[in-house]
Amino acid sequence: MRDWSDRVTTTEVVKLYGAAWSVYVRIARLALEEKQIKYSLVEVDVFAETGVPQERLKRHPFGRIPAFEHGDFHVYETGAIVRYIDDAFPGCKLQPTDPKTRAKVNQIVGILDAYAYRTLVWDIYVERVVSTREGRLANEQTIAAALPRAALCLSELNRLSDDRGFLIGGGVTLADLYAAPIFACFMQAPEAVSLVEGCEKLIYWWQRFAIRDSMSRTRP
Ligand SMILES: N[C@@H](CCC(=O)N[C@@H](CS)C(=O)NCC(=O)O)C(=O)O
């Protein structure tokens, strides 16, 4: 039987520092929502013209978001935050215990973090959707250069998914939490239509995951 005596409880204050629009902040929020943990989001202006305030650099010396606080415990880097949330709080388990399944989840997280985020969010979504919204011309070269990498990311995610309701396995995992905020941006770009063609597992996964309560509760 699992010994819960080392478990921190939700009676300590949980705070997430970040901005609601941020993909990485949303990943951490999804973990908190899926585990049904009460928390407050402390808004941080990451692109403030006055630069990164000293007090924020204390929480995150690299000036990024999110940063996380649980009582007197502080941690930054989304990977560390979501794994802490999963390990420290009761509720559904976001990391499978079977070594092979866990490796698959971590592989997908690695792909999303290292390759898909930059390509799908910055090179395609920000260039196509955000630039139009802000009245800027899209950088067509950036978008065109990103398409082959985007296709590779999507075909790999599609291939790796075992299609049992979630990206991996029959329950929500870190793989879904990393993928969903990236997809929420990327799927708004017209380029997404042809890029996801043939990625049936991903398409059905997104249709199901996009309507989860955690997704509506964290909508920017
Ligand atoms: N490796 C960091 C990446 C976090 C990150 O890039 N956050 C973006 C927002 S989505 C940010 O802080 N951008 C501000 C900047 O680049 O100055 C993590 O996993 O937490």
Side-chain angles (χ1 to χ4, degrees), residues 8 10 13-44 46 60 64-70 73-96 101-102 104-118 120-122 125 153-154 157 160-162 164-188 192 201-220:
V8 276
T10 46
V13 176
V14 174
K15 279 188 193 166
L16 190 69
Y17 293 85
W21 54 260
S22 153
V23 161
Y24 282 96
V25 171
R26 196 172 187 189
I27 294 168
R29 293 182 72 198
L30 284 175
L32 291 160
E33 292 289 344
E34 290 290 344
K35 305 268 298 188
Q36 302 193 344
I37 298 162
K38 229 175 120 198
Y39 69 99
S40 46
L41 177 67
V42 183
E43 277 287 336
V44 167
V46 85
H60 199 314
R64 298 288 177 97
I65 47 174
F68 179 82
E69 213 174 274
H70 179 216
F73 177 71
H74 305 256
V75 67
Y76 67 86
E77 279 305 300
T78 307
I81 296 170
V82 292
R83 287 176 178 92
Y84 173 79
I85 290 169
D86 193 31
D87 294 337
F89 294 96
C92 63
K93 294 310 288 177
L94 303 171
Q95 303 169 93
T101 317
R102 197 177 178 99
K104 288 274 176 220
V105 166
N106 286 330
Q107 183 180 23
I108 289 182
V109 167
I111 292 170
L112 291 160
D113 209 13
Y115 317 119
Y117 169 66
R118 179 88 233 163
L120 303 184
V121 176
W122 283 96
Y125 163 74
C153 289
L154 295 167
L157 294 172
L160 291 166
S161 171
D162 60 17
R164 287 170 43 216
F166 294 85
L167 280 180
I168 297 290
V172 58
T173 70
L174 298 185
D176 303 293
L177 305 192
Y178 266 75
I182 292 177
F183 266 67
C185 297
F186 168 67
M187 293 302 274
Q188 294 177 50
K201 290 189 273 181
L202 273 189
I203 294 169
Y204 293 130
W205 163 79
W206 177 238
Q207 284 171 354
R208 287 188 301 264
F209 205 87
I211 55 171
R212 281 180 82 78
D213 276 357
S214 60
M215 287 295 282
S216 346
R217 290 170 60 89
T218 58
R219 190 157 291 133

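- Of the N and O atoms on the side chains of Tyr17 and His60, not one donor lies less than 3.5 Å from an acceptor on the other residue.
- A 4.5 Å side-chain heavy-atom check between Leu160 and Ile111 finds at least one atom pair inside the cut-off.
- Annotation: side chain of Trp21 is in contact with side chain of Val46 (closest heavy-atom distance under 4.5 Å).
- Here the closest non-hydrogen pair linking Ala19 and Glu43 is CA-OE1, 3.6 Å.
- The two residues Ala175 and Ile108 have their closest heavy-atom pair at CB-CG2, 3.7 Å.
- Under the 4.5 Å side-chain criterion, counting only non-hydrogen atoms from C-beta, Leu120 is in contact with Leu154.
- In this structure, CG on Leu112 lies 8.0 Å from SG on Cys153, to the nearest 0.5 angstrom.
- The two atoms that bring Ile168 and Ser161 nearest to each other are CD1-CA, 4.3 Å, heavy atoms only.
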Verdict with reasoning, Gln95 to Leu174, per side-chain contact (heavy atoms from CB on, under 4.5 Å): CA-CA 7 Å; Gln95 303 169 93; Leu174 298 185; 3.7 Å; yes

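- Formation of a donor-acceptor pair under 3.5 Å by the Asp86 side chain with backbone atoms of Lys93 is not found in this model.
- Using a 4.5 Å cut-off on side-chain heavy atoms (C-beta onward), Phe89 and His70 make contact.
- Applying the 6.0 Å contact sphere to CZ of Phe73 captures more than 12 heavy atoms from other residues, nucleotides or ligands.
- With contacts defined as side-chain heavy-atom distances shorter than 4.5 Å, the pair Leu94/Val105 does not qualify.
- With rounding to the nearest 0.5 Å, the separation of CG in Leu202 from CG in Leu157 is 5.5 Å.
- What you find for Pro220 and Ala20 is that their closest heavy atoms are CB-O, 3.6 Å.
- The CZ atom of Phe186 sits 15.0 Å away from atom OH of Tyr117, with the distance rounded to the nearest 0.5 Å.
- Between Pro181 and Ile27 the shortest heavy-atom distance is CG-CG1, 3.7 Å.
- Centroid-to-centroid, the aromatic rings of Phe183 and Phe209 stay 6.0 Å apart or farther.
- Asp113 has its side chain within reach of Tyr24: a pair of non-hydrogen atoms, C-beta onward, lies under 4.5 Å apart.
- Judged as a salt bridge (Lys or Arg N to Asp or Glu O under 4.0 Å), the pairs with a partner in residues 208-220 (not counting sequence neighbours) are, in order, Glu33-Arg217, Glu34-Arg212.
- Shown here for Ile65 and Ser22, the closest heavy-atom pair between the two residues is CD1-CB, 3.8 Å.
- Without hydrogens or angle criteria, Arg26 side chain to Met215 main chain gives a donor-acceptor distance under 3.5 Å.
- Annotation: Tyr76, atom OH; neighbour count of heavy atoms from other residues, nucleotides and ligands within 6.0 Å is above 12.
- Side chain of Lys35 to backbone of Cys92: a donor-acceptor contact under 3.5 angstrom is found.
- Side-chain atoms of Asp176 come within 3.5 Å of backbone atoms of Thr173 as a donor-acceptor pair (strictly under, hydrogens ignored).
- For Tyr178 (side chain) and Gly79 (main-chain N/O), a donor-acceptor pair under 3.5 Å exists by modelled atom type.
- Expressed to the nearest 0.5 Å, how far OG1 of Thr78 lies from CZ of Arg83 amounts to 10.0 Å.
- A 4.5 Å side-chain heavy-atom check between Leu41 and Val25 finds at least one atom pair inside the cut-off.
- Contact annotation: the side chain of Leu16 approaches that of Arg29 to within less than 4.5 Å [non-hydrogen atoms, C-beta and beyond].
- Taken to the nearest 0.5 Å, the CG atom of Asp162 stands 8.0 Å off from the OG1 atom of Thr101.
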